[in-house]
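Below, all heavy atoms of this structure are taken into account, side chains as well, without hydrogens, waters or symmetry copies. Everything numeric in this text was worked out from a predicted model, so none of it was measured.
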Amino acid sequence: MVARRKVAVVGAALSDCGRVDDATPYALHAQAARRALADAGLDRTLVDGFASAGLGTLAPVEVAAYLGLRPTWVDSTSVGGSTWEVMAAHAADAIAAGHARAVLLVYGSTARADVRAGRRTGTLSFGTRGPLQFEVPYGHTLIAKYAMAARRHMIEYGTTIEQLAEVAVQARANAALNPEAMFRTPVTVDEVLTGPMIADPFTKLHCCVRSDGGAAVLLVAEEYVRDCRTSPVWVLGAGECVSHAAMSDWPDFTVSPAAVSGRLAFERAGVRPSEIDVAEIYDAFTYMTLVTLEDLGFCAKGEGGAFVEKGRLRVEGGELPVNTDGGGLSAQHPGMRGLFLLVEAVRQLRGECGQRQVRRGDGTLPRLAVASGTGGWFCSSGTVVLGAG
């Protein structure tokens, strides 16, 4: 039996992102994968594990074939935006157990370009089968589900629409420091509140952008770290949780499955939320950031509104910099964005983020980061705690 090994992220990269009209999703997968391998300084022949979801009839078989890989360990877990944190947990377990030596996680999407070219509509439908058949007749869109959950939190705890708007304002402030972000012009709370209504209480700026783009992360066993050109970022602990299939199955709209995945991740990492230097949190909508901060333990349940309104999420001057690249609200959101959270967390811990680089109070680089993804309509959550090498 192989002894359990430590696992590190040694490669992290994005493909071209934002407005990419001349590439296929496969090409974005390949571009991100090549860049991640180059980032690590490793040859693709070392890769014996592969994880991908969201593209092809037989994902990840088709994507692996496109990349010229023949993996002996694969994962195609698909649980929405949290897919990549869950996959990272599975990959780390496989490597630790000796079932793989190097696992490549890859994602790519032309969600924006497809709408622009008429290859798909702007409306995301998950179909009408299974539990969804009881909600579809009422026109309950994906955005409406999140909006309804946000309204419940407002009623239950007095959270205000201005507090939710602060999440968007601070995400844009962070994006202003990121030259690769789609939208960098600062916005005010008033501008968020007076935008076009999408699903009450969400106006346009409460909702994520639609972009193209891809991302890739390479995880390896500890014995390969010495061969890499980058400093390792260690996977310290991870947790995952699935909650409900339909909104009517959700016991409490104010508690997300991150309450479970986060607790597991922190326990397994042996760290406390108060020790985290930077947090990358799935933010398809402003409410997701707020409730996930509560559920991960950065503030008590119901106190998320007060927590975010004091500028705590900003790279510049914030107590807990969150979504340091601008997040899905301002940087990029090409569908299942969870892998982008891992890339940004790794880059922050390695000190590679330029103007948006987080520094601790003593001026040193961050030592601990958390990436927490959410999938579906708060149906799933994956949380990963990472530590600098």
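Note: F340 and Y107 have perpendicular aromatic rings, judged against thresholds of 30 and 60 degrees for the angle between ring planes. A tilted orientation is assigned to the rings of W250 and F378, their planes being inclined by 30° to 60°.
Comment: D277 does not engage R367 in a salt bridge, judged by the lack of any side-chain N to carboxylate O separation of less than 4.0 angstrom. Taking 4.0 Å as the cut-off between side-chain N and carboxylate O, D114 and R210 do not count as a salt-bridged pair. Under a 4.0 Å N-O distance rule, the pair D200/R151 qualifies as a salt bridge. For the pair K6 and E222, the salt-bridge criterion is not met [side-chain N within less than 4.0 Å of a carboxylate O]. A salt bridge is absent between E166 and K310: the closest approach of a Lys/Arg side-chain nitrogen to an acidic carboxylate oxygen does not fall below 4.0 angstrom.
In the model, D190 has no side-chain atom that pairs as donor or acceptor with a side-chain atom of T188 under 3.5 Å. For the residue pair E344/T324, the side-chain donor-acceptor check at 3.5 Å is satisfied. No side-chain donor-acceptor contact under 3.5 Å links S82 and S381.
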**Request:** Start with the C-alpha distance between L193 and E162, add both sets of side-chain angles, then the distance that settles side chain to side chain contact (heavy atoms under 4.5 Å, CB included), and finish with yes or no.
**Result:** CA-CA 7 Å; L193 300 184; E162 289 81 8; 3.9 Å; yes
**Item:** T203/H206 under side chain to side chain contact (heavy atoms under 4.5 Å, CB included): CA gap, chis, key distance, verdict
**Value:** CA-CA 5 Å; T203 55; H206 283 280; 3.1 Å; yes
**Message:** Working note: H90 + E240, criterion side chain to side chain contact (heavy atoms under 4.5 Å, CB included); need CA distance, chi angles, decisive distance, verdict.
**Reply:** CA-CA 10 Å; H90 295 176; E240 57 197 86; 3.1 Å; yes
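Partner of V192 under the side chain to side chain contact (heavy atoms under 4.5 Å, CB included) criterion, chosen from V167, L205, L164: L205. Only one option out of R350, R347, R34 pairs with D39 in a salt bridge (Lys or Arg N to Asp or Glu O under 4.0 Å); it is R350. Checking each of V79, L105, V384 against M87 for a side chain to side chain contact (heavy atoms under 4.5 Å, CB included) leaves exactly one that passes, namely L105. Remark: of the listed residues V346, L339, V103, L339 is the sole one forming a side chain to side chain contact (heavy atoms under 4.5 Å, CB included) with V217.
In terms of modelled atom types and a separation under 3.5 Å, the side chain of Y282 and the main chain of R337 share a donor-acceptor contact. Side chain of E62 to main chain of A59: no donor-acceptor pair is present (N/O by atom type, distance under 3.5 Å, no hydrogens or angles). Although no hydrogens or angles enter the test, the distance criterion places no donor-acceptor pair under 3.5 Å between the side chain of R19 and the main chain of D212. Judged by distance alone, with hydrogens and angles left aside, the side-chain atoms of R226 form a donor-acceptor pair with the main-chain N or O of E223 at under 3.5 Å. No donor-acceptor pair under 3.5 Å is formed between the side chain of T110 and the backbone N or O of A113.
Here the side chains of L293 and L320 are in contact, with some heavy-atom distance below 4.5 Å. Side-chain atoms of L236 and R268, non-hydrogen and from C-beta on, never get closer than 4.5 Å to each other. Annotation: side chain of P334 is in contact with side chain of S211 (closest heavy-atom distance under 4.5 Å). A heavy-atom distance below 4.5 Å is not found between the side chains of R312 and V322. For the pair T292/T374, a side-chain contact is recorded, criterion being any heavy-atom separation below 4.5 Å from C-beta on. Looking only at side-chain heavy atoms (C-beta outward), R356 and N174 stay at 4.5 Å or farther from each other. Using a 4.5 Å cut-off on side-chain heavy atoms (C-beta onward), N323 and T289 make contact. The side-chain heavy atoms of L219 and I95, taken from C-beta on, include a pair separated by under 4.5 Å.
Partners of R152 by salt bridge (Lys or Arg N to Asp or Glu O under 4.0 Å), not counting sequence neighbours, listed by chain and number: E156. Contacts of T159 classified as side chain to side chain donor-acceptor pair (under 3.5 Å), with partners at least two apart in sequence or in another chain: H153. Annotation: salt bridge (Lys or Arg N to Asp or Glu O under 4.0 Å) contacts of R263 (sequence neighbours excluded): E267. In this structure, the salt bridge (Lys or Arg N to Asp or Glu O under 4.0 Å) partners of K301, at least two apart in sequence or on a different chain, are E294, D295. Residues satisfying the side chain to side chain donor-acceptor pair (under 3.5 Å) test with D22, not counting sequence neighbours, are none.
Checked against a 6.0 Å centroid threshold, the rings of W73 and F50 do not count as neighbours. Aromatic pair Y146/W377: ring centres not closer than 6.0 Å.
Summarising the geometry of Q31 relative to D16, their closest heavy-atom pair is OE1-N, 2.7 Å, with the distance given to 0.1 Å.
S261 contributes atom OG, which lies 6.5 Å from atom CG of L296 (distance to the nearest 0.5 angstrom).
Hydrophobic cluster membership of I155, counting Ile, Leu, Val, Met, Phe, Trp and Tyr whose side-chain heavy atoms lie under 4.5 Å apart directly or via other members: none, as it forms a cluster of its own.
Remark: R116 CZ is loosely packed, at most 12 non-hydrogen atoms of other residues, nucleotides or ligands lying under 6.0 Å away.
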